[in-house]
A.B. asks: 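Handing you this structure, nothing more for now.
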Amino acid sequence: HCETCKEGLYLYQNQCIGNCYPGTTNIGQTCIECDPTCATCSGSIDNCQSCEKNYRLEDNKCVQACEKGTMFSEDEDKCIPCDPSCETCSLEQTKCDSCKDNKYLYENACIDSCAEGTIPTEDHKCLKCKSPCATCSDSIDHCDSCEAGRYLYENKCYQRCPDGTYQSDTKCEYCKSPCKTCSSSSTQCESCTEGYLDRNSCIEECPPGKTAIEGKCESCTSNCATC
C-alpha cells in the first residue's frame with residue numbers, strides 16, 4: 001500500500017509501476033486518470049491525445065459529437081438524452097461527465113455537496129483526499145484528520161509523532177520547553193533542551209544524592225551521601 005515511489009516508478013492506486021497506463025498521465029510521479037472524455041492524455045488530465053467514443057479531438061480537447069445533454073447510442077444509432085441530473089454524459093446515460101445546477105461530480109454521479117473525505121474543485125468536482133488523510137482541505141494532501149493508526153501534525157499524517165511532540169488522541173501536540181521530547185503530556189519530559197532530566201522534569205541542577213549522567217539525574221549508590 002504505497003504512498004510514494006522510488007525514482008523511475010510511478011504511483012497508481014497505491015502501487016508503484018514502471019509506466020503510467022493508457023488513460024492516465026504522469027503528474028509529479030503519480031499516474032492521474034485523464035479527463036473522462038480523453039482516451040489518452042499527456043502532461044495534464046485534459047490535454048487529450050485521443051478521445052473516447054462519441055467525442056472528437058479539437059485543439060487537444062475532446063468535444064462531443066452529440067449536443068450537450070445527449071450521447072450517441074450505438075444500439076439506437078442516434079443521440080439519446082443523458083440522465084436529467086447530468087449536464088453531459090458519454091459512456092452511459094446515468095454516468096455523468098459533468099453536472100448542472102451547481103451540483104458536484106463524484107464517481108460519475110452528480111451530488112449536492114462533496115462528502116467527507118473529499119474536497120470540491122473550482123470546476124465542481126469532488127476529489128478524494130490522498131491517503132493517509134481521512135479528511136482534507138485546500139488540497140488532497142493537506143490533511144485535517146487521519147486514517148486509523150495515523151496522527152495529525154502540521155496537516156500531515158504520521159505513524160509516529162515526531163520528536164518534540166507527543167501523541168494526544170489522534171493528534172501530535174508540541175512538548176513544552178524545556179522538554180526536548182515528552183510523552184503523555186506536554187510537560188512529561190523524556191529528555192531536555194537544557195538542564196537535567198529528573199522524574200520527568202527538567203531541572204538546572206541534580207538534587208543531593210543524585211549526579212548528572214548523559215543529561216539525566218541518576219541516584220548515587222546506597223553508601224554515598226553525594227556523588
A.B. asks: Sub-3.5 Å donor-acceptor pair from the side chain of Asn47 to the main-chain atoms of Ser42, do we have one?
C.D. replies: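 A pair under 3.5 Å: yes.
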
A.B. asks: Quick one: pull up OG1 in Thr25 and CD in Gln49 and give me the separation to the nearest 0.5 Å.
C.D. replies: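 The OG1 atom of Thr25 sits 8.5 Å away from the CD atom of Gln49.
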
A.B. asks: Taking the side chain from Gln29 and the backbone from Leu9, do they hold a donor-acceptor pair closer than 3.5 Å?
C.D. replies: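 A pair under 3.5 Å: yes.
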
A.B. asks: Would you check, one step at a time, whether the test side-chain contact (heavy atoms from CB on, under 4.5 Å) holds for Gln188 with Ser183?
C.D. replies: CA-CA 6 Å; Gln188 185 84 358; Ser183 62; 4.1 Å; yes

A.B. asks: Counting only heavy atoms not in Lys128 (residues, nucleotides, ligands), do more than 12 fall under 6.0 Å from its NZ?
C.D. replies: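 Open.
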
A.B. asks: Are the side chains of Tyr12 and Glu33 in contact, using a 4.5 Å heavy-atom criterion?
C.D. replies: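 Yes, their side chains come closer than 4.5 Å.
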
A.B. asks: Please tell me if the side chains of Ile119 and Cys126 come closer than 4.5 Å, counting only heavy atoms from C-beta onward.
C.D. replies: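 In short, these two side chains do not touch, never coming nearer than 4.5 Å.
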
A.B. asks: Is any side-chain heavy atom of Met71 less than 4.5 Å from a side-chain heavy atom of Gln93?
C.D. replies: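 Counting from C-beta outward, Met71 and Gln93 do come under 4.5 Å.
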
A.B. asks: Say whether, by atom type as modelled, one donor and one acceptor occur between the side chain of Thr135 and the main chain of Ser145 under 3.5 angstrom.
C.D. replies: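 Yes, Thr135 side chain to Ser145 backbone: donor-acceptor pair under 3.5 Å.
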
A.B. asks: Please determine whether disulfide (SG to SG under 2.5 Å) holds for the pair Cys129 and Cys143, giving the CA-CA distance in whole Å, both sets of side-chain angles, and the decisive distance to 0.1 Å.
C.D. replies: CA-CA 8 Å; Cys129 298; Cys143 307; over 6 Å; no

A.B. asks: When you look at OH of Tyr153, are more than 12 heavy atoms from neighbouring residues, nucleotides or ligands closer to it than 6.0 Å?
C.D. replies: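 Yes.
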
A.B. asks: Check whether more than 12 heavy atoms from other residues, nucleotides or ligands sit under 6.0 Å from atom CD of Gln15, and answer yes or no.
C.D. replies: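 For Gln15, atom CD is not crowded (no more than 12 foreign heavy atoms under 6.0 Å).
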
A.B. asks: What's the spacing between Lys130 NZ and Asn14 CG if we round to 0.5 Å?
C.D. replies: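 CG of Asn14 is found 9.5 Å from NZ of Lys130.
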
A.B. asks: Would Cys34 and Cys48 satisfy disulfide (SG to SG under 2.5 Å), going step by step from the backbone distance to the final call?
C.D. replies: CA-CA 8 Å; Cys34 299; Cys48 305; over 6 Å; no

A.B. asks: Any sub-3.5 Å donor-acceptor pair from Thr30's side-chain atoms to Leu11's backbone N or O?
C.D. replies: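 Not confirmed, Thr30 side chain does not pair with Leu11 backbone.
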
A.B. asks: Using only the SG atoms, establish whether Cys110 and Cys99 come within less than 2.5 Å of one another.
C.D. replies: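 Yes, the SG atoms sit under 2.5 Å apart.
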
A.B. asks: Please determine whether side chain to side chain donor-acceptor pair (under 3.5 Å) holds for the pair Ser131 and Glu147, giving the CA-CA distance in whole Å, both sets of side-chain angles, and the decisive distance to 0.1 Å.
C.D. replies: CA-CA 8 Å; Ser131 180; Glu147 294 172 353; 3.2 Å; yes

A.B. asks: Using modelled atom types only, decide if a donor and an acceptor are shared between the side chain of Asp59 and the backbone of Lys61 within a distance under 3.5 Å.
C.D. replies: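 Between the backbone of Lys61 and the side chain of Asp59 there is no qualifying donor-acceptor contact (under 3.5 Å).
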
A.B. asks: Looking only at atom types and distance, does a side-chain atom of Asn200 sit under 3.5 Å from a main-chain N or O of Cys189, one as donor and one as acceptor?
C.D. replies: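 Indeed, once roles are kept as given, a pair shorter than 3.5 Å links the two residues.
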
A.B. asks: Kindly give the heavy-atom pair with the smallest separation between Tyr166 and Ser184, and that separation in Å.
C.D. replies: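 The answer is CE1-O, 3.6 Å.
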
A.B. asks: If we ignore hydrogens and angles and just use 3.5 Å, is the side chain of Asp35 paired with the main-chain N or O of Thr37 as donor and acceptor?
C.D. replies: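 Yes, the answer is positive, given that a donor and an acceptor are paired below the 3.5 Å cut-off.
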
A.B. asks: How long is the gap from CD1 on Ile27 to CD1 on Ile32, to the nearest 0.5 Å?
C.D. replies: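 CD1 of Ile32 is found 5.5 Å from CD1 of Ile27.
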
A.B. asks: Measure SG to SG for Cys16 and Cys5 and state whether it is below 2.5 Å.
C.D. replies: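 Their SG atoms fall under 2.5 Å; a disulfide, then.
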
A.B. asks: Evaluate the criterion side-chain contact (heavy atoms from CB on, under 4.5 Å) for residue pair Ile17 and Cys31; output intermediate values, then yes/no.
C.D. replies: CA-CA 9 Å; Ile17 57 177; Cys31 297; 4.1 Å; yes

A.B. asks: Indicate the atoms forming the closest heavy-atom contact of Thr88 with Cys82, along with that distance.
C.D. replies: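 Heavy atoms only, the tightest pair is C-SG, 3.8 Å.
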
A.B. asks: For Cys202 and Cys192, is the interatomic SG distance under 2.5 angstrom?
C.D. replies: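 Yes; the two sulfurs sit under 2.5 Å apart.
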
A.B. asks: State whether a side-chain donor-acceptor pair under 3.5 Å links Ser98 with Glu87.
C.D. replies: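 There is such a pair (donor and acceptor under 3.5 Å, judged by atom type) between the side chains of Ser98 and Glu87.
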
A.B. asks: To the nearest 0.5 Å, tell me how far Cys20 SG sits from Tyr10 OH.
C.D. replies: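 If I round to the nearest 0.5 Å, the distance is 7.0 Å.
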
A.B. asks: Examine Tyr158 and Tyr174 and state if one hydrophobic cluster contains both, with Ile, Leu, Val, Met, Phe, Trp and Tyr joined whenever side-chain heavy atoms are less than 4.5 Å apart.
C.D. replies: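 Yes, it is one cluster - the side chains of Tyr158 and Tyr174 are joined through contacts under 4.5 Å.
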
A.B. asks: Between atom CG of Leu197 and atom CD of Glu218, what is the distance when rounded to the nearest 0.5 Å?
C.D. replies: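 With rounding to 0.5 Å, CG (Leu197) is 9.0 Å from CD (Glu218).
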
A.B. asks: Taking side chain as C-beta onward, heavy atoms only, is Tyr55 less than 4.5 Å from Asp97?
C.D. replies: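 Yes, side chains in contact.
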
A.B. asks: Any heavy-atom pair between the side chains of Asp144 and Asn155 that's under 4.5 Å?
C.D. replies: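 Asn155 vs Asp144: side chains touch.
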
A.B. asks: Determine whether Lys103 and Asp112 make a side-chain contact, defined as any pair of heavy atoms from C-beta on separated by less than 4.5 Å.
C.D. replies: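 Lys103 vs Asp112: side chains touch.
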
A.B. asks: List the steps, then state whether side chain to side chain donor-acceptor pair (under 3.5 Å) holds for Glu52 with Ser90.
C.D. replies: CA-CA 8 Å; Glu52 293 287 359; Ser90 56; over 6 Å; no

A.B. asks: Flag the pair Pro132 / Arg150 as yes when at least one side-chain heavy-atom distance between them is below 4.5 Å, and no otherwise.
C.D. replies: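 The answer is yes, as the side chains (C-beta and beyond) meet within the 4.5 Å cut-off.
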
A.B. asks: Check the surroundings of atom CD in Glu205: do more than 12 heavy atoms from other residues, nucleotides or ligands lie under 6.0 Å from it?
C.D. replies: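 No, not enclosed.
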
A.B. asks: Indicate whether the side chain of Thr181 and that of Ser191 have a donor and an acceptor atom separated by less than 3.5 Å.
C.D. replies: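 Per modelled atom types, Thr181 and Ser191 side chains form a pair under 3.5 Å.
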
A.B. asks: When you compare the side chain of Leu105 with that of His124, does any pair of heavy atoms fall below 4.5 Å?
C.D. replies: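 Result no, sub-4.5 Å side-chain heavy-atom pair not found.
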
A.B. asks: Keeping the roles fixed (side chain from His142, backbone from Cys136), state whether a donor-acceptor pair exists under 3.5 Å.
C.D. replies: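 Not at all, since once roles are kept as given, no pair shorter than 3.5 Å links the two residues.
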
A.B. asks: Using a distance-only test with no angle check, is there a side-chain donor-acceptor pair under 3.5 angstrom linking Asp83 and Ser85?
C.D. replies: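 Yes - a donor-acceptor pair under 3.5 Å links their side chains.
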
A.B. asks: Check for a donor-acceptor pair, side chain of Thr121 on one end and backbone N or O of Lys125 on the other, with a separation under 3.5 Å.
C.D. replies: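 Indeed, once roles are kept as given, a pair shorter than 3.5 Å links the two residues.
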
A.B. asks: Using the rule given for disulfide (SG to SG under 2.5 Å), can you reason through Cys96 versus Cys86, listing the C-alpha separation, both sets of side-chain angles and the distance that settles it, and then say yes or no?
C.D. replies: CA-CA 5 Å; Cys96 306; Cys86 304; 1.9 Å; yes

A.B. asks: Within the side chain of Thr170, is there an N or O that forms a donor-acceptor pair under 3.5 Å with the backbone of Tyr151?
C.D. replies: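 A pair under 3.5 Å: no.
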
A.B. asks: Between atom CD of Glu3 and atom SG of Cys157, what is the distance when rounded to the nearest 0.5 Å?
C.D. replies: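 The distance works out to 9.0 Å.
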
A.B. asks: Can you list the steps and then say if Cys38 with Cys62 is a disulfide (SG to SG under 2.5 Å)?
C.D. replies: CA-CA 6 Å; Cys38 305; Cys62 292; 4.5 Å; no

A.B. asks: Which heavy atom of Ile111 sits nearest to which heavy atom of Cys114, and what is that distance?
C.D. replies: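 Taking every non-hydrogen atom into account, CD1-CA, 4.3 Å.
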
A.B. asks: Let me see the working for Thr211 and Cys206 under side-chain contact (heavy atoms from CB on, under 4.5 Å), right down to the final yes or no.
C.D. replies: CA-CA 6 Å; Thr211 188; Cys206 292; 6.0 Å; no

